[in-house]
Protein chains: 2
Amino acid sequence: MSADQNVAQRNTKQRSAVSAVLSEAEGFYSAQELHARLRERGERVGLTTVYRTLQGLADAGEIDVMRPPGGEHLYRRCSQGHHHHLVCRECGRAVEVEGPAVESWAEKVASRHGYVNVSHTMEIFGTCPDCATNPSNHPGHRP
Amino acid sequence: MSADQNVAQRNTKQRSAVSAVLSEAEGFYSAQELHARLRERGERVGLTTVYRTLQGLADAGEIDVMRPPGGEHLYRRCSQGHHHHLVCRECGRAVEVEGPAVESWAEKVASRHGYVNVSHTMEIFGTCPDCATNPSNHPGHRP
DNA sequence: CTGACAATGATAATGATTGTCAAAAACGCA
DNA sequence: TGCGTTTTTGACAATCATTATCATTGTCAG
Ligand SMILES: [Zn+2]
Ligand SMILES: [Zn+2]
Ligand SMILES: [Zn+2]
Ligand SMILES: [Zn+2]
C-alpha cells in the first residue's frame, strides 16, 4: 500500500494560479510561457514554482507533457485516460484523439517480437485550419 | 533546384570512424556513448565532431534520432524510408516496424480536423526477451 | 605541389531544468 | 485568534546536453 494519502497537500494561491492559467489555455505551452502569462496577469509566481507545480500535476496525471524536437517541454490540461494529440505546429492548438486500432496494433507488434511491459508514444503534427488561412498571425500563441 | 550538390563534402577519418561505429551498433546510443566507444577503440575524434557528424547524418536521413524522456538524444543507423521503432528500454535494442494502418489513420484523423501538412511520431517501448530473462546484465548496452 | 576552403576540436557559451536553503505561508489545534 | 509545526516558496546557483567560437589542421581540385 502506498503512503501517499497521509502527506499533507496545502492549498496555495500559486498553485491555484498555475492551475487556472492552464485551464484557460487551448494549446500546449511551456513553463516559461505560462510563467510570463501569469506575470502579465499580475499574479506573482516564481518560475521555480511553476516548474514544480507542472511536474506535480504531470505526475498526478492531470496534465500532459510533450517534448517537441529541439524545444522546451510543453504542458496542457487534458482529459483523463489514454489519448494522443493532433497538434498545430504553428500555434500549439491541440485536439485530443483516440485510436483503438493504434493501441492494439502497438500491442500486437510488441508481443510478436517478444517484448513485454509495453507502452508507446504518438503525436500527430500539422497546420491547423486557422494557421493555414492567415499564416503566422496568432496573438497569444506560438509563432 | 537545391544548391546542395555544389558544396564540397570532404572525406575525413573522423567521419568514417563515427559512421563505422554506428554501423556496428545494434541499438540506439547517445553521442557521448559513441564518443566513448571511439576512444576505447583508439580512434581520436572530438566530441564536437561526433555531435556534428551525427547531426549531418540525421539531416541526410541516414540515421534516426530518438529523444527519450529526460535523457540525451539517441542515434541509430536505420533503413531508409518511413518506419517506427520497438525499443527495449533496458538495453536500447531496437526493431524497425512498419504500420501502414497507423500511417493512414494519422492522415485521416488530421484531415478530419482540417489540419494540413501532416507528420507524426510514434515509438513503442518495452522490455526485450533478453532483458526480461536476465535483468540488468547486458554488457555494452544501456543499463 | 599548393592554395582555397571545409573540417576539426579545445574551449566557452547557451539555455532549459533542477538543487539549495532561508524566509514566508498554511493549517491543525489550543 | 494566536502558535508551532511542516510545507511551500523563490531568488540564486548548479547541472548538463548541446551549440557557437575560432585558431589550427586536413582535403583535394587544379
Ligand atoms: Zn494553428
Ligand atoms: Zn495510444
Ligand atoms: Zn533489452
Ligand atoms: Zn508512421
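The sequence lines fix the lettering, A, B, ..., with proteins before strands; numbering per chain opens at 1. As the structure is a computational prediction, the values presented were derived from the model and not from experiment. For the numbers below, each heavy atom of this structure counts, side chains included, while hydrogens, waters and symmetry mates do not.
Place Asn11(B) and Thr49(A) on DNA chain D by their nearest nucleotides, and Thr49(A) ends up nearer the 5' end. Residue Gly71(B) is the one, among Gly71(B) and Lys13(B), whose nearest nucleotide of DNA chain D lies closer to the 5' end (criterion: closest heavy atom).
Distance from the side chain of Thr48(A) is smallest to dA11(D) among dT11(C), dA7(C), dA11(D). Distances from the side chain of Arg10(B) to the nucleotides dA6(C), dG9(C), dT18(C) place dA6(C) closest. For His73(B), taking side-chain heavy atoms from C-beta onward, the closest of the listed nucleotides dT18(D), dG10(D), dT17(C) is dT18(D). For Arg52(B), the side-chain atoms get nearest to dG9(C) when compared with the rest of dA7(C), dT20(C), dG9(C).
Within the 4.0 angstrom heavy-atom criterion, only backbone atoms of the sugar-phosphate kind lie near Arg44(B); the bases stay farther away.
Going from atom CD of Glu43(A) over to atom C1' of dG10(D) covers 16 Å, rounded to whole Å. One interatomic measurement links the two molecules: CG of Leu47(B) to P of dT18(D), which rounds to 9 Å at whole-angstrom precision. In this structure, Leu74(A) places its CG atom 12 Å from P of dA16(C), rounding to the nearest Å. Atom CG in Leu54(A) sits about 13 Å away from atom C1' in dA16(C), given to the nearest Å. In this structure, His35(B) places its NE2 atom 12 Å from C1' of dT8(C), rounding to the nearest Å. Glu72(A) has its CD atom 11 Å from the C1' atom of dT17(C), to the nearest Å. Atom pair Arg15(B):CZ and dG26(D):P shows a separation of 15 Å (rounding to whole Å applied). The CD atom of Gln55(A) sits 12 Å away from the C1' atom of dG19(C) (whole-angstrom rounding).
Between Gln9(A) and the phosphate of dT8(D), there is a side-chain N or O to OP1/OP2 separation shorter than 4.0 Å. One finds no side-chain N or O of Gln14(A) lying less than 4.0 angstrom from the OP1 or OP2 phosphate oxygen of dT8(D). Applying the 4.0 Å criterion to OP1 and OP2 of dT9(D), one finds that Thr12(A) has a side-chain N or O inside that range.
Using a cut-off of 4.0 Å between Lys/Arg side-chain N and Asp/Glu carboxylate O, Glu96(B) and Arg76(B) are scored as salt-bridged. A salt bridge links Arg41(A) with Glu24(A): the closest approach of a Lys/Arg side-chain nitrogen to an acidic carboxylate oxygen falls below 4.0 angstrom. For the pair Asp64(B) and Arg77(B), the salt-bridge criterion is not met [side-chain N within less than 4.0 Å of a carboxylate O].
Remark: aromatic rings of His35(B) and Tyr51(B) are distant, center separation not under 6.0 Å.
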Report task. Starting from the C-alpha separation in whole Å, work towards a yes-or-no answer on ring-ring contact (aromatic ring centres under 6.0 Å, His included) for His120(B) and His84(A). Result -> CA-CA 11 Å; His120(B) 65 266; His84(A) 300 277; over 10 Å; no

